[in-house]
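Shown next, in structure tokens, is the structure this report addresses.
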There are 2 protein chains.
Amino acid sequence: MANAEARPTLADVAAHAGVSKSLVSLVMRDEPGAGPETRRRVLQAADQLGYHPDSRARLLRSGRSRLLGVVFGIQHAFHLDLVTALYTAARDRGYELALSAVTPDRDEAEATAGMLQDRCEALIMCGPRTPAAELAKLAARLPVIVLARNVRVTDVIRTADDEGLRQAVEYLNGLGHQRIAHIDGGRAPGAADRRRGYREAMAAHSLDTHNRIIEGGLSEEDGAAAARRLLDEGDRPTAITVFNDRSATGVLDVLTRAGLRVPEDISVVGYDDSHLARLAHINLTTIAQDTTEMTRLAVDRAIARIDGSELTNRALIVAPQLIIRGTTAPPAA
Amino acid sequence: MANAEARPTLADVAAHAGVSKSLVSLVMRDEPGAGPETRRRVLQAADQLGYHPDSRARLLRSGRSRLLGVVFGIQHAFHLDLVTALYTAARDRGYELALSAVTPDRDEAEATAGMLQDRCEALIMCGPRTPAAELAKLAARLPVIVLARNVRVTDVIRTADDEGLRQAVEYLNGLGHQRIAHIDGGRAPGAADRRRGYREAMAAHSLDTHNRIIEGGLSEEDGAAAARRLLDEGDRPTAITVFNDRSATGVLDVLTRAGLRVPEDISVVGYDDSHLARLAHINLTTIAQDTTEMTRLAVDRAIARIDGSELTNRALIVAPQLIIRGTTAPPAA
DNA sequence: TCGTATGACTGGAACGTTCCAGGGCCAACT
DNA sequence: AGTTGGCCCTGGAACGTTCCAGTCATACGA
């Protein structure tokens with residue numbers, strides 16, 4: 001349909017309104033310098049011709065795109081929450097987002113390469129698994145902001161993940177739990193910090209002897225598998241902290257199917273406060289990452305780098321927050 | 001970092017390699033017309049200067065972007081599956097994707113407007129809720145392909161949703177079920193067709209008297225709420241067909257918590273075969289929408305429109321397929 | 001009355017590509 | 001020997017904007 005021949009250009013509108021291209025350009029951008037009557041006439045002409053400015057030419061000439069590239073994993077619930085928040089953070093600062101998804105069939109390298117083509121002014125990467133050396137190379141080409149992963153070569157915005165697990169353990173211990181296990185995230189970004197936080201908190205409350213870390217991962221299946229292993233091994237803990245919400249839903253499922261009641265028989269704490277956790281029928285106690293704050297910082301930092309300010313502080317660390325919902329309770333007496 | 005002053009251009013590379021801009025252009029595009037030795041020298045120069053072509057200029061000049069815009073809901077598991085498949089379908093045809101997400105804070109109009117600014121050659125919309133009149137206006141500006149919704153004003157690729165529910169009912173009836181309920185999708189795209197399919201299939205198997213449609217929706221919460229209502233009402237069905245997988249997980253959760261075993265006590269069939277359904281611990285019998293085929297068709301159709309072929313057939317309908325997993329079994333004796 | 005400031009407008013040069021028409025040059029035909 | 005036809009390669013004109021330096025009135029202060 002609608003192959004309306006060539007798209008109209010500034011020149012067409014100019015001719016139609018009997019003014020110069022420059023003037024039309026001014027009017028289209030809502031800049032001062034045109035009389036009200038002319039302005040009206042130009043706008044009318046543009047409307048009549050169905051003119052829409054060509055962003056390619058506009059960007060080429062003005063040199064700026066006001067576009068932030070975002071690389072995220074389409075499978076990761078938490079990344080989706082980040083993207084959601086990034087949209088509003090970027091809009092507040094007058095920027096747009098260009099998304100590039102990592103899928104099972106499209107790896108991070110490809111997703112990143114796609115963005116570079118597009119002339120974004122900065123790149124925001126959600127929990128990237130790209131090696132630090134590669135990230136450094138990227139950062140040499142344009143400002144790179146890494147979200148939710150701890151790395152030294154670029155700007156980083158992340159949650160104090162160790163602190164998050166400390167809060168979880170402390171809260172559970174406060175409820176009376178002692179045998180607290182941790183299903184970890186394996187090699188996922190953030191997993192190491194959360195593991196350490198768990199260990200330190202257990203030690204701080206003299207629960208070392210109950211330390212129990214089960215290897216997990218970031219997907220539902222990882223959580224389910226870990227939970228099955230935990231049940232098989234016997235000596236069941238009374239509470240479990242899980243690497244993330246997604247994995248925790250897998251854990252919950254296995255526990256329920258095994259006939260255990262949550263939280264009466266066993267408590268579960270997730271991580272991320274992704275929208276999964278908030279669903280009424282999951283209603284998961286979890287450690288919230290403050291996506292609003294994180295994305296705001298990420299966008300601000302990106303813009304600061306774009307503007308060329310020399311910044312020293314490369315890592316911004318956001319405080320986590322325990323969200324108490326329905327999957328935790330004191331241990332059975 | 002790395003504010004390497006102005007980024008190098010074709011001209012810089014040309015000067016550095018001692019050839020003309022045009023030649024560098026050829027080499028960068030991997031076109032024939034350059035000797036192997038010169039080619040090598042040019043590539044080396046480009047690499048040395050860290051040259052990367054500017055896509056804005058490239059697009060401006062060549063008039064094409066080979067870019068397909070995609071509007072999708074970041075909350076919809078099935079849309080994410082579609083996006084995943086679209087990436088590969090587009091790549092196979094030499095196109096790239098530009099994503100624009102609908103979020104709770106960014107409505108479809110905004111997401112669409114964002115795409116129009118951009119240089120995409122066609123727009124693919126996943127289950128859009130935009131009124132038909134608006135879609136028609138859009139379609140006047142550029143080719144629009146609608147996925148997974150039934151509408152008359154644009155090209156449409158969708159699953160035969162009524163047929164999908166027919167398959168579900170037939171299969172359940174074959175297992176021996178008679179009291180088969182349907183938790184519907186309310187006003188969501190596709191819901192009406194699935195409802196109709198359910199009714200027709202029940203009638204076809206003389207199960208009219210057991211017709212039972214519970215109002216649902218597309219989220220987990222909708223499913224959970226509907227399931228609770230169903231249980232409260234008594235006269236429990238032996239099988240439930242649900243509008244989509246996402247809602248079905250909510251249903252499953254409520255059933256399990258109510259102490260019912262799935263599939264021994266009650267069977268559940270989802271819809272979409274989104275990755276949710278495939279998770280080992282959900283393992284949901286479901287009606288698959290063939291995302292691979294749908295996205296392939298969508299991309300092909302988009303390209304055909306871009307190329308200006310006059311096509312008559314505006315709706316392509318893809319066959320659904322029953323995927324039997326672990327949530328269905330014959331009713332208890 | 002003259003300069004000069006102000007506002008409305010214009011013309012043309014960028015921006016970094018791609019595309020087109022052609023210019024040498026050499027080998028292979030007539 | 002002269003023509004032909006490939007190859008490599010070059011120069012310059014687009015593409016549709018924005019930006020800059022002006023022009024030309026008109027109005028204003030002295």
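Throughout, protein chains are lettered first and strands after them, A, B, ... in sequence-line order, and every chain is numbered starting at 1.
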A:Glu108 to A:Val71 - nearest heavy-atom pair and separation: CG-CG1, 4.3 Å
B:Ser274 OG to B:Leu80 CG distance, which is reported to the nearest 0.5 Å: 9.0 Å
d(CE, B:Met28; P, C:dG16) in whole Å: 15 Å
Interatomic distance where CD belongs to B:Glu31 and C1' belongs to C:dC19 [whole Å]: 11 Å
Within-4.5 Å side-chain heavy-atom neighbours: B:Pro104 and A:Thr84: yes
Sub-4.0 Å heavy-atom contacts from residues 45-66 of chain A onto DNA chain C, ordered by number: A:Leu60, A:Arg61
Atom pair CZ/CD1 of A:Arg301 and A:Ile124 - distance to nearest 0.5 Å: 12.0 Å
Strand-adjacent residues in residues 20-27 of chain A, judged by heavy atoms under 4.0 Å from DNA chain D: A:Lys21, A:Ser22, A:Ser25
Minimum heavy-atom distance between B:Gly127 and B:Pro189, given as atom pair plus value: O-CG, 3.7 Å
5' precedence on DNA chain C between B:Arg29 and A:Val19 (nearest-nucleotide basis): A:Val19
Distance below 4.0 Å between A:Thr38 side-chain N/O and C:dC9 OP1 or OP2: yes
Pair B:Arg56-A:Ser55, side-chain donor/acceptor within less than 3.5 Å: no
Rounded interatomic separation in angstrom, taking CG from A:Asp12 and C1' from D:dT17: 13 Å
Residues A:His76, A:Arg246; criterion side-chain hydrogen bond (donor to acceptor under 3.5 Å, both in side chains); working and verdict: CA-CA 8 Å; A:His76 293 330; A:Arg246 195 176 158 202; 3.1 Å; yes
Residue pair A:Ala85 / A:Thr291: nearest heavy atoms and the distance that separates them: CB-O, 4.0 Å
